[in-house]
Amino acid sequence: MKLLMIVILLLVCLLISNVISHYIPFIPTALTQIAFGIILAFFLEDLTFTIETEWFLLLFVAPLLYNDGRHYPREELWKMRAPIFGNAIVLVLLTTIGGGFFIHWLIPSIPLTAAFALAAILSPTDPVAVNGIAKRIHIPERVLNLVRGESLINDASGLVAFNYAVAAVVTGYFSLSKALIDFTYVFLAGAILGFILILIITWVRFTLQKQGVSDATFHSLLQILTPFLIYIIAEEFFHASGVIAVVMAGIAYTLIKEHSETLNAEEQILTENIWTIVLFVLNGIVFLLLGLNIPSSMEATVGNPNIGNGLAILYVILIGLVILGIRFMWSYIFSYSAYRHNKSNKSIKPSLKTSLFISLTGVRGAVTMAGVLSIPFIIKGGSAFPERSLILFLAAGVILFTLIAATLFLPLLSNDVQSETAEKDLTEAKRKILHTAIQTIRLEMNEENITAAHDLMNEYKKEFQRIHPKRKMAEETSDERRRIADLRLIGLRAERKYIQELMDKNVIDDDVFETFERSLNHREEVLSNNVRSRFMYLLGLAIRGLRRYILYKRKNEKAKIHLRKQVQIKAFQAALEALEENAKGAEKKDLVYAVILDYERMIEQLKKPSFHYDELIEEQKEELRIKVMDEERSKIHELYQSGEITKEQARELRRFTNYIESVTLYERTE
C-alpha cells in the first residue's frame, strides 16, 4: 500500500510540475521536477524510495532509449556516425581517465580507482532536460542530433566503465585486457541480440496478423512490452548490454516496419498514443526520483565537520567545469580534425560557439544518479567503500550544476529567435485554419442545419480563443466582452431555471431534459472565461448531476417529441424576461439589448418549421465537420506551398486536424 501511495504521489507531483512549467517556461521541466523531489524528501522524511540500478535501467532507461532509437533520424545517424561514436565511446574514455585523475588530485582522500568510477558515471549524457530547453530557444539541429545520438550509446559505455572501476575498488584488481574484451563482447553481443530479437518479435506479430489475430490493442501492448523483453533477455541470459540491445532494436524496428508491415492505422495511432503517455510518465518520474535521492546523497557530506559546505560546493563546481571542459576540448578538436581532412563531408563546422553548445547540452541526469547509488557500502576485507558519501554528493552536485549551467547559458548563446518565430508562425497558421473552418460553416449553413452550424461555430470559436487567450477583438473592449458574457450567463440561468421547473412538473421526460442540459452545459462552458466562473460552472455541473441521480433515477412517461421546440422557445422567453429586468438598472443598456437581440433572433429561427431537436443535429454537425476538415487540409497545403509554414509545421497541423477527425468518426466498440 505504501508503494502504491508513493507512486500516486509522484504522478500528482508530475502533473503539478508540468503546470508550473507552463507558467514559468524559462525553467526546464526537468529542473522543476528535481526541485519537487527535493521538497518531498525534506517535508516527508518517512518517504523513502530506493531502486536498484538494474531495475532502474529496465523500467526507465530501456523503454526511453528504445523509443529514441525508433524515432532517431537514420540518415543523420549514419551521416554523424563518426562524431556520435566518438562522443559515446572515446569521449567517455577520456572523461573517465582525465576526470578521474583530476578528482584524485583535487581530493586525495578519494582513491584513483574510485575517482575513475565517479568520472565514468558522470560521462553519460541525458538529453531529456535539453529537449525541454530546446522547445523555447534555438539550438542547432545538428547539435541536438549529436547529443541524442550519443545518448543512445554512452549510457552503456559509461556504465561498463563505471562497473569495472567499482570492481577494481572492491576487489583491488583490474585487468585492462580483460576489460577491453568484456566491453567488446557486451557491446557487440548487445547490438546483435537487439537486431535478432526485434526480427523474431516482428515475425511473431506478422504471423499472428496473418492468422487473424489482428486486435489493435493486443499488438500495441506487444510493442510496448518489446523493450522490456529485449533488455531482460540480453542482460539475464546472454550477459550482454541490454541498453545497446534496445537501442539497436529501436533502430532496426523502424527499418523492418517500412519494408514488411502492412498499414494498420488504428494500431499505429493507438501505439503512439500509449507511447506518449508512457514516455511522459517515465521522463517525469525519473527526475522526481532524482530529486528524492539528492538530499539523502548529500546528507552525510553536509553533516561531515571535516568538509565545509563551501568547500564541498567548490569541489562540485570545479569537477563540473572539468567534465564540461573535457567535452568542449574534445568536440572542438574532433570537429576541426574532421573538417580539415574532408571539407565536403557533413561534419559540424568547427567553431567555439558550436563547441560550447555541444558542451552545455551534455547535461548529466538520471543514469548518473542511478549508477552512483549502486556503489556498495563494503569492499573486500570488510572495510567501508572509500568516501562513498562524498562521491554521492559530488555526483548529485554535478548533475545539478550541468542542468543549471545549461538553463542559464544556452539561452545566452542562442541569440537566434528562430524557435520563437516558428512558434508564432505555427500559432498564426492554426488561427488561419480555424478562421477557414468558421467561414466554411457559414457558407454551408442553411435553414435546416442552422442550429448544428451555430453549435459547431461555437466549438471552433472556443478553440480560437484558447490559441489566442490574450487576443483582443477590435470591436469590443475587454470590459465589454466580460459584461456581455455576464449578461449571457444571466439569460442562460433563466433558461436553466425554466427547464428545471418543467422537469419537476413532469412536463418533459429525461431524454428531452438531457438534450437541453447538454446544450446549456456547452454554452455555459464557453462563457466560463475566468477562474470564478469556471469554478461555479463545474460546481453547478456536479450539483445538478447529483440531484438528477437522487431525484430522477426512474424515468417518467415520455413526453411528445414536438414539445421540445415549444419548450426551447419558452426557455428563451424566460431568458428575455430576465434580461429585460436587468436592463432597467443597467448602465450600458446597449450591451443588454445586443444580447436581447440575439435571443429574439434565436426565437425566430425556432419558429421555423424546419427546426428539429433530435439526433439529426449531431448528424448535421458531423457532416459539417467532414466538409470543414477537407477545407482545413486544403488551407494547410496552401500555406505550405506559399512558404508560410515549414514541412514539419504542415505535418503538425495535419495531426491537429486528424485528431479532430478521429474524435468525430470514433465509435466505441466493446
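In what follows, every heavy atom counts, from backbone to side chain, and hydrogens, waters and symmetry copies are set aside.
The side-chain contact (heavy atoms from CB on, under 4.5 Å) test applied to Met248 returns Ala191, Phe195, not counting sequence neighbours. Under the rule for a side-chain contact (heavy atoms from CB on, under 4.5 Å), Asn163 has no partner lying at least two apart in sequence or in another chain. Not counting sequence neighbours, the partners of Trp330 by the side chain to side chain donor-acceptor pair (under 3.5 Å) test are Asn87. With sequence neighbours excluded, no residue satisfies side-chain contact (heavy atoms from CB on, under 4.5 Å) with Thr276. Under the rule for a side chain to side chain donor-acceptor pair (under 3.5 Å), the partners of Thr125 that lie at least two apart in sequence or sit in another chain are Asn154. Every residue two or more places apart in sequence or in another chain that forms a side-chain contact (heavy atoms from CB on, under 4.5 Å) with Phe85 is listed here: Arg81, Ile89, Ile153, Phe187. Applying the ring-ring contact (aromatic ring centres under 6.0 Å, His included) test to Phe102 and every residue at least two apart in sequence or in another chain returns Trp105. The side chain to side chain donor-acceptor pair (under 3.5 Å) check on Ser355 picks up nothing, with sequence neighbours excluded.
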- prompt: Between Ser123 and Thr95, does a side-chain hydrogen bond (donor to acceptor under 3.5 Å, both in side chains) hold up when you go through it step by step?
  reply: CA-CA 6 Å; Ser123 59; Thr95 303; 5.8 Å; no

- request: Tell me, with the steps shown, if Thr29 and Thr32 meet side-chain hydrogen bond (donor to acceptor under 3.5 Å, both in side chains).
  value: CA-CA 5 Å; Thr29 305; Thr32 305; 5.8 Å; no

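The salt bridge (charged side-chain N to carboxylate O under 4.0 Å, His left out) contacts involving residues 390-399 comprise nothing, where partners must be two or more places apart or lie in separate chains. Applying the salt bridge (charged side-chain N to carboxylate O under 4.0 Å, His left out) test to residues at least two apart or on different chains, the pairs with a partner in residues 55-70 are Arg70-Glu272.
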Donor-acceptor pairs under 3.5 Å, side chain of residues 321-328 to any protein atom, not counting sequence neighbours: which ones?
from   : atom 1 : to     : atom 2 : distance (Å)
Arg327 : NE     : Ile358 : O      : 2.7
Arg327 : NH1    : Glu150 : OE1    : 3.2
Arg327 : NH1    : Glu150 : OE2    : 3.3
Arg327 : NH2    : Glu150 : OE2    : 2.4
Arg327 : NH2    : Ile358 : O      : 3.3

Contacts table for residues 5-18: side-chain donor-acceptor under 3.5 angstrom, sequence neighbours left out:
from  : atom 1 : to    : atom 2 : distance (Å)
Ser17 : OG     : Cys13 : O      : 3.2
Ser17 : OG     : Leu14 : O      : 2.7
Asn18 : ND2    : Leu14 : O      : 2.8

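Between the side chains of Thr217 and Ser220, no donor N or O sits under 3.5 Å from an acceptor N or O.
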